[in-house]
Amino acid sequence: MPYLGVRHISGIKKWEPYAKARYIAHMVNGGYSMSEVQTIIADRSNSARKFYLCYKMAEQVNNENDFYYDFNKNEFSYLLLSVGQNSIKEFLGIPQKYNEVNYDSPVPVSNSANLKLFFSWLYGDSKNEKVLKDSRDITNFLTHVVSEPLSLNHLRETRDLQGAYERSGGEEQLLNSYISKANINLEKSLQFIHRHKGSEVIEAELKKCKDTLDVIFKILLP
């Protein structure tokens, strides 16, 4: 029995998430079944399967692409948090239940492009910075974005997570948000616009606002 590793995982010494996932993978590769691993490390919540899934996903994306993700330096916990979200599992084609996952190739070949893109959002790649600022962006934004085609396409094309999230409620909600923000800013200007009478710059910008509104009303109320 791998006693030293069990002692670390059980709490005598706190392991970093990737080190823990690598150790579980080492036990599986050594011939232990996942059920045996769970018994050895006293895992009652399927966390061993989750750690192993993430390890195998990292292994898969590194094998399929020319950019290597070094999880000793990056935030492996982002991946652990992500695979706990149903919408992200669906985006990657991973079964919702851990015991139904094909751990030899957890993400289907048909979703390989999504896997590569997903890792680049979480960690960046050789050409792009990651799109996350911190782990909260996964649950607050990314989980919504991947389940809405409009927002997902925006993230694919621009890597703008906030902009993609704004589109996650659909086009009508996005339009309403734009108009609402414009109105709020115009209302704010009422506080001190009287001090800028005669300003050519202000008058030019206001004319643009009026021209835009004229076009909007012409479209909506022909």
Side-chain angles (χ1 to χ4, degrees), residues 1-126 130-132 134-140 142-143 146-147:
M1 181 179 295
Y3 177 77
L4 180 59
V6 173
R7 295 285 285 176
H8 283 318
I9 286 179
S10 300
I12 299 301
K13 178 182 178 182
K14 183 175 176 60
W15 278 23
E16 291 300 319
Y18 180 70
K20 187 182 295 186
R22 184 174 55 190
Y23 185 78
I24 291 171
H26 175 74
M27 284 196 287
V28 173
N29 292 338
Y32 289 94
S33 69
M34 184 54 67
S35 296
E36 289 172 331
V37 171
Q38 289 180 288
T39 300
I40 291 169
I41 67 175
D43 170 32
R44 298 179 180 86
S45 61
N46 260 343
S47 66
R49 293 180 185 272
K50 185 176 182 180
F51 274 82
Y52 186 53
L53 168 60
C54 291
Y55 183 89
K56 295 298 288 186
M57 286 173 63
E59 188 175 68
Q60 182 177 349
V61 78
N62 281 336
N63 288 338
E64 293 178 354
N65 299 285
D66 56 3
F67 184 76
Y68 182 76
Y69 291 91
D70 185 354
F71 294 101
N72 289 306
K73 298 178 181 178
N74 283 311
E75 292 290 343
F76 190 73
S77 58
Y78 285 5
L79 191 53
L80 287 166
L81 177 59
S82 295
V83 299
Q85 314 304 314
N86 289 340
S87 61
I88 290 176
K89 283 183 179 178
E90 185 175 345
F91 172 69
L92 295 173
I94 299 172
Q96 297 297 332
K97 296 181 179 179
Y98 293 119
N99 60 0
E100 296 178 358
V101 174
N102 173 14
Y103 288 95
D104 291 332
S105 182
V107 175
V109 174
S110 58
N111 286 53
S112 292
N114 283 359
L115 176 63
K116 180 179 180 181
L117 192 59
F118 182 72
F119 267 70
S120 78
W121 291 339
L122 262 60
Y123 304 109
D125 56 34
S126 57
K130 63 183 180 181
V131 304
L132 304 180
D134 59 51
S135 61
R136 289 173 295 184
D137 288 347
I138 296 171
T139 51
N140 290 345
L142 194 55
T143 54
V146 297
S147 59

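Source: prediction; values computed, not measured.
- Side-chain atoms of Y78 and K130, non-hydrogen and from C-beta on, do get closer than 4.5 Å to each other.
- Going from atom CZ of F119 over to atom CG of N62 covers 7.5 Å, rounded to the nearest 0.5 Å.
- Note: T39 OG1 to R44 CZ = 9.5 Å, rounded to the nearest 0.5 Å.
- Distance CG/N140 to OG/S135: 9.0 Å, rounded to 0.5 Å.
- Side-chain contact check for Y18 versus L79: every heavy-atom pair is 4.5 Å or farther apart.
- Here the CD atom belonging to E59 is positioned 10.5 Å from the OG atom belonging to S105, to the nearest 0.5 angstrom.
- At a threshold of 4.5 Å between non-hydrogen side-chain atoms, the residues R49 and Q38 count as touching.
- Within the 4.5 Å cutoff, the side chain of I138 has heavy atoms near those of the I88 side chain.
- With contacts defined as side-chain heavy-atom distances shorter than 4.5 Å, the pair Y55/I24 does not qualify.
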Validation: residues 90-98 side-chain donor-acceptor distances under 3.5 Å, sequence neighbours left out:
from: Q96; atom 1: NE2; to: N86; atom 2: O; distance (Å): 3.3

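- Rounded to the nearest 0.5 angstrom, N99 CG and M34 CE are separated by 11.0 Å.
- The shortest distance between side-chain heavy atoms of L132 and L122 falls below 4.5 Å.
- No donor-acceptor pair closer than 3.5 Å links the side chain of T143 to the backbone N or O of S87.
- Closest approach of S112 to E64, counting heavy atoms only: OG-OE1, 3.4 Å.
- For A21 against F76, the heavy-atom pair with the smallest separation is CB-CE2, 3.6 Å.
- Considering only heavy atoms from C-beta on, D43 stays 4.5 Å or farther from V37 through its side chain.
- Heavy-atom minimum distance, I41 versus A48: CD1-CB, 3.8 Å.
- Atom NZ of K56 is separated from atom OH of Y103 by 11.0 Å, given to the nearest 0.5 angstrom.
- For the pair Q60 (side chain) and V107 (backbone), a donor-acceptor distance under 3.5 Å is present.
- At least one donor-acceptor pair closer than 3.5 Å links the side chain of Y123 to the backbone N or O of E75.
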